[in-house]
Structures are given as structure tokens and as C-alpha cells.
S.K.: 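Once you've had a glance at the structure underneath, I'll fire off some questions.
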Amino acid sequence: KAGVTQTPRYLIKTRGQQVTLSCSPISGHRSVSWYQQTPGQGLQFLFEYFSETQRNKGNFPGRFSGRQFSNSRSEMNVSTLELGDSALYLCASSALAGEYNEQFFGPGTRLTVL
Amino acid sequence: KQEVTQIPAALSVPEGENLVLNCSFTDSAIYNLQWFRQDPGKGLTSLLLIQSSQREQTSGRLNASLDKSSGRSTLYIAASQPGDSATYLCAVSSRPLGPRFKHSTLTFGKGTMLLVSP
């Protein structure tokens with residue numbers, strides 16, 4: 001079974017631009033979560049989607065948004081990019097949403113904002 | 001607000017040693033705890049998942065324990081090898097961040113960077 005895939009793997013943008021990252025979960029998984037990883041803050045939860053609905057959200061500004069499609073694929077969007085948005089963005093999927101499910105992570109998208 | 005701390009931040013050992021990585025969390029009302037491994041520039045690989053009702057889980061040379069009441073977990077690695085060199089992350093699944101939300105949140109520690117020398 002293929003793992004979680006994320007595209008693109010690397011991205012370079014300039015301040016003020018917007019960016020869209022894509023995540024395809026493991027086949028059959030319906031929950032997708034997004035995380036931001038930086039050297040200073042570590043891994044921080046952005047949001048979770050299940051059945052095309054946002055079920056949980058972390059403490060990030062409204063510039064960070066996401067959506068999930070009927071095939072469970074998910075995208076996250078960051079508008080008006082800032083230098084501090086440079087990070088590794090990780091996507092994780094699990095079979096169901098809820099407390100007891102193991103999460104499986106993709107390789108990440110490395111975003112650099114210049 | 002759940003906070004997860006991992007000690008030590010970095011660890012360097014010679015090959016063959018047994019070692020223990022520590023993880024502590026502030027809110028004991030967790031659903032589960034997961035240990036991950038991350039190689040430089042890569043995503044996370046799940047190592048072990050311990051449900052809140054369990055005390056430990058084992059996989060090969062790895063053993064993870066959970067003491068929910070004291071807010072602690074340990075990851076024991078037996079007979080370490082150079083291929084074990086990576087950053088090890090502990091994450092706890094706990095209640096949602098706000099009343100609007102129904103699903104749990106995974107909170108990560110900052111990790112322990114392990115180097116095993118041949």
C-alpha cells in the first residue's frame with residue numbers, strides 16, 4: 001500500500017505570494033492532518049480534515065487554510081507569505097478521525113520564503 | 001494546554017549501548033502516545049503507539065512504556081546501532097483545543113537527537 005504523498009517536495013516563494021500544498025493520504029484513510037515544523041517551534045498542529053470538514057484547528061492565523069476533497073486528498077493554502085512561514089510542512093493521515101488512531105506521515109514539503 | 005518535554009535534547013552513544021529516551025507531558029488526560037523517528041530533512045516514521053489503557057508496547061529492539069498518572073513515557077532502545085541515529089519525537093493525543101472542535105490534537109515534543117557511533 002502506498003504511503004502518504006506530498007507535492008511539491010520543495011518550494012521557493014517570495015514574501016507576499018501565496019502557496020498551495022497538496023497531500024494524498026494512504027488509500028482508505030479519511031482523516032488528514034497538517035503540521036508545521038520549524039527549528040525554533042518544533043512540530044505544531046495546523047488543522048485536521050475528515051469527510052471534507054475541518055474537525056480541529058491549531059493556533060495559526062487565518063492566512064493558513066485548507067480543504068479536503070471527496071477522495072480524501074487535501075490541500076493547504078498560505079496567503080500573503082511571511083519569512084517566518086519558511087518551514088517543513090507535514091501531512092499525516094489516519095484511517096478514521098478520533099482519539100485512538102495511529103497517524104502516518106508523508107515526507108513533507110520544504111517551503112522557503114525569501 | 002498540553003505541553004510535551006523530551007529529555008535529553010541530544011544524546012551521543014557508542015554502538016551496542018542500551019539507552020533510554022524520556023518524554024513528559026503536563027495533562028494526563030491523553031488518549032494515546034506515539035513515538036516517531038525523523039531522519040534529517042525527512043518525514044516522520046511511526047515507531048510505537050501506546051493507547052492510554054496500555055502500559056507498554058514493544059517492537060523489535062524498541063520498548064516504550066507509559067505512566068499516564070505521572071505524565072511520563074520512556075523509549076528504550078536495546079543494543080543501539082549506527083542506523084538508529086535520528087531524531088526521536090514523542091507525541092500525545094489529547095482533547096481538542098476548543099469547544100467547537102470534536103477531534104483530538106497531537107502535541108509533539110521537540111525531540112531527542114540521537115547519534116550512535118560505530
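Residue numbers start from 1 in every chain, and the chains themselves are labelled A, B, ... in the order their sequence lines are given, proteins ahead of strands. A quick note: this is a predicted structure, and the numbers were derived from the prediction, not measured.
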S.K.: Phe108(B) and Phe45(A): aromatic ring centres closer than 6.0 Å?
M.R.: no

S.K.: Other residues, nucleotides and ligands only: do more than 12 of their heavy atoms fall within 6.0 Å of CZ on Arg72(B)?
M.R.: no

S.K.: Heavy-atom distance under 4.5 Å to chain B: side chain of Leu43(A), backbone, both or neither?
M.R.: both

S.K.: OG1/Thr45(B) to CZ/Phe104(A) distance, rounded to the nearest 0.5 angstrom?
M.R.: 10.5 Å

S.K.: Under 3.5 Å, side chain of Lys110(B) to main-chain N/O of Gly40(A), donor-acceptor pair present?
M.R.: yes

S.K.: Do Gln103(A) and Ser46(B) have a side chain donor and acceptor closer than 3.5 Å?
M.R.: no

S.K.: Give a yes or no on whether Tyr76(B) and Leu11(B) share a hydrophobic cluster (residues Ile, Leu, Val, Met, Phe, Trp, Tyr; joining criterion: side-chain heavy atoms under 4.5 Å apart).
M.R.: no

S.K.: How about Arg15(A): does its CZ atom have over 12 heavy atoms from other parts shown lying under 6.0 Å from it?
M.R.: no

S.K.: How far does NZ of Lys42(B) sit from CG of Leu88(A), to the nearest 0.5 angstrom?
M.R.: 11.5 Å

S.K.: Measuring from atom CD of Gln44(A) to atom CG of Leu106(B), what distance do you get when rounded to the nearest 0.5 angstrom?
M.R.: 13.0 Å

S.K.: In this structure, would Ile77(B) and Met113(B) fall into the same cluster of hydrophobic residues linked by side-chain contacts under 4.5 Å?
M.R.: no

S.K.: Quick check: is Leu83(A) connected to Phe60(A) through a chain of hydrophobic side chains (ILVMFWY, heavy atoms under 4.5 Å apart)?
M.R.: yes

S.K.: Using the rule that Ile, Leu, Val, Met, Phe, Trp and Tyr join whenever any side-chain heavy atoms are under 4.5 Å apart, tell me whether Trp35(B) and Leu19(B) fall into a single cluster.
M.R.: yes

